[in-house]
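Contents: one structure, followed by commentary.
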Amino acid sequence: MEPEAAGTLRLMIWNINSLVPTVRNFILKYGSFRGFFEEHSVQIACLQETKMLDDKLTKDLVCLEGYESFWATSREKKGYSGVTTYASTAYSPVKAEADCLGDGESDLDREGRVVLTDHMAFVLVNVYAPNAGERPERPRKDFKCRFLTALKAKCDSLRAKGREVLIVGDLNVAASQRDVHPKFSYEALYSEEENQAMHALLGEYTDVWRHRHPQDTSTYTVWDEKTSARAFNEGLRIDYALCTPGLLAKVVSCEVVQTPPKWSDHAAMVLELRDISPIAAHAPCALSSSRMKRFNDRGQPSVATMFGRKPASKRAAGLEAEQVPGASRKVSKQEGASAAAPESRTRPSATAPGQLDQPRLSAAKTTAPEEQQFQRATQPAQGLIWQP
DNA sequence: CCGTCACGAT
DNA sequence: CGCAACGGC
């Protein structure tokens with residue numbers, strides 16, 4: 001396909017809290033994994049907390065038609081961390097690196113926390129910053145601070161070479177009190193060192209959402225699902241897009257979109273940049289091609305495995321939901337019976353204006369209940385949030 | 001709360 | 001195959 005004229009690039013940034021159940025939901029709602037990206041017209045999707053092990057990757061997840069994927073997976077714990085960037089072939093990066101903050105030996109690079117892709121017009125850094133751990137000890141506070149500092153150093157070096165840089169993902173620090181619900185005392189949330197590391201980053205790279213929404217103090221990106229905090233919008237804004245000035249000038253919009261609560265404890269963000277030229281066709285970069293090579297053989301596990309089935313050995317399984325037997329059994333993190341807010345608290349779950357809209361697909365039977373929820377939740381208006 | 005995985009029962 | 005225990009947030 002010929003490169004199109006410079007157009008608007010839509011990126012989605014989303015901590016999905018496990019890729020496999022999320023893809024299962026994509027397929028049920030949108031007919032295919034790819035269908036999710038198409039439905040929302042995103043050319044680049046930056047996902048965090050995919051929690052994939054390198055050897056658990058399947059062709060269905062890695063080789064989406066029309067997209068390339070770039071993976072950082074944890075080499076330490078399994079079912080932990082992991083970030084993935086999907087890029088449509090029109091924006092196929094000319095270079096990509098995973099877990100590249102240190103010198104190759106660093107413990108910062110062992111947990112699947114960074115995917116860096118070079119899209120010519122800018123370098124995209126998809127990040128999942130470490131959680132410091134339970135207070136009061138916060139055992140990984142130091143690791144987290146070192147990570148944030150190394151992230152800045154890496155981006156600074158790119159910037160020193162004259163590159164535009166876009167850092168996206170879950171940085172695990174809210175920037176200020178106005179980025180958290182008033183019920184939280186900001187001082188109690190993070191240590192001085194974390195704030196310093198975060199503000200060093202923010203000093204160099206603009207928080208795009210905040211830049212466009214200076215007055216908004218009630219839009220958050222993560223909530224404690226155990227306490228139904230999302231229904232009361234008692235959240236924090238820890239997911240970001242940060243960028244250099246040249247890119248900031250190209251920002252058309254940057255919005256938090258309400259993704260279905262049960263799909264992840266985080267909401268997604270959609271960023272639009274204008275005048276970003278698609279990249280001329282080229283061979284996939286090394287990181288991408290080496291991984292895809294693994295999936296050239298037949299007999300790879302198919303998407304059916306994600307529905308609790310052994311790989312359909314004989315069949316060339318497509319991605320259509322209808323073809324996936326057993327789809328009606330596993331409901332997983334979908335809304336079965338909508339998580340009702342506790343009785344002690346008032347108000348039902350707020351309608352969510354920016355909510356991702358309902359699918360076009362006639363979905364499996366099990367999706368009927370939340371199908372309605374989705375439609376009900378698709379409302380106009382701007383103020384995402386109501387106050388209790 | 002949400003996953004995953006090891007385990008015992010079939 | 002279903003469920004308990006556990007770990008992460």
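For clarity, every value in this text was computed on a predicted model and none was experimentally measured. Letters A, B, ... mirror the listed sequences (proteins, then strands); counts begin at 1.
At a cut-off of 3.5 Å, with distance as the only test, no side-chain donor of A:D103 or A:S106 sits close to an acceptor on the other residue. For the 3.5 Å distance criterion, the side chains of A:H282 and A:S92 qualify, holding a donor opposite an acceptor. Side-chain atoms of A:Y205 and A:D156 include a donor-acceptor pair closer than 3.5 Å.
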Below 3.5 Å is the cut-off: list the nitrogen or oxygen pairs between protein and nucleotides 6-9 of chain C, distance only.
residue : atom : partner : partner atom : Å
C:dG8   : OP1  : A:K77   : NZ           : 3.2
C:dC9   : OP1  : A:Y128  : OH           : 3.1
C:dC9   : O2   : A:K226  : NZ           : 3.0
C:dC9   : N3   : A:K226  : NZ           : 3.2

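The listed nucleotides are B:dC5, B:dT4, B:dC1; the one nearest the side chain of A:V20 is B:dT4. Closest to the side chain of A:K78, out of B:dT4, B:dA6, B:dC1, is B:dA6.
A:S185 pairs by the side-chain hydrogen bond (donor to acceptor under 3.5 Å, both in side chains) definition with A:E187, not counting sequence neighbours. Evaluation of the side chain to side chain contact (heavy atoms under 4.5 Å, CB included) rule for A:L287 yields A:F70, A:A96, A:A98 as partners, not counting sequence neighbours. Under the rule for a side chain to side chain contact (heavy atoms under 4.5 Å, CB included), the partners of A:T8 that lie at least two apart in sequence or sit in another chain are A:E272, A:R274.
For A:N17 and B:dC2, the CG to C1' distance is 7 Å, given to the nearest whole Å.
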**Message:** Could you spell out the base pairing of DNA chain C as a dot-bracket line? Use Watson-Crick and G-U wobble contacts where both distances are under 3.5 Å, [ ] for crossing pairs, | for partners on a different strand.
**Reply:** ||..||||.
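Within the structure, no pair that satisfies the ring-ring contact (aromatic ring centres under 6.0 Å, His included) test touches residues 94-116 of chain A, not counting sequence neighbours.
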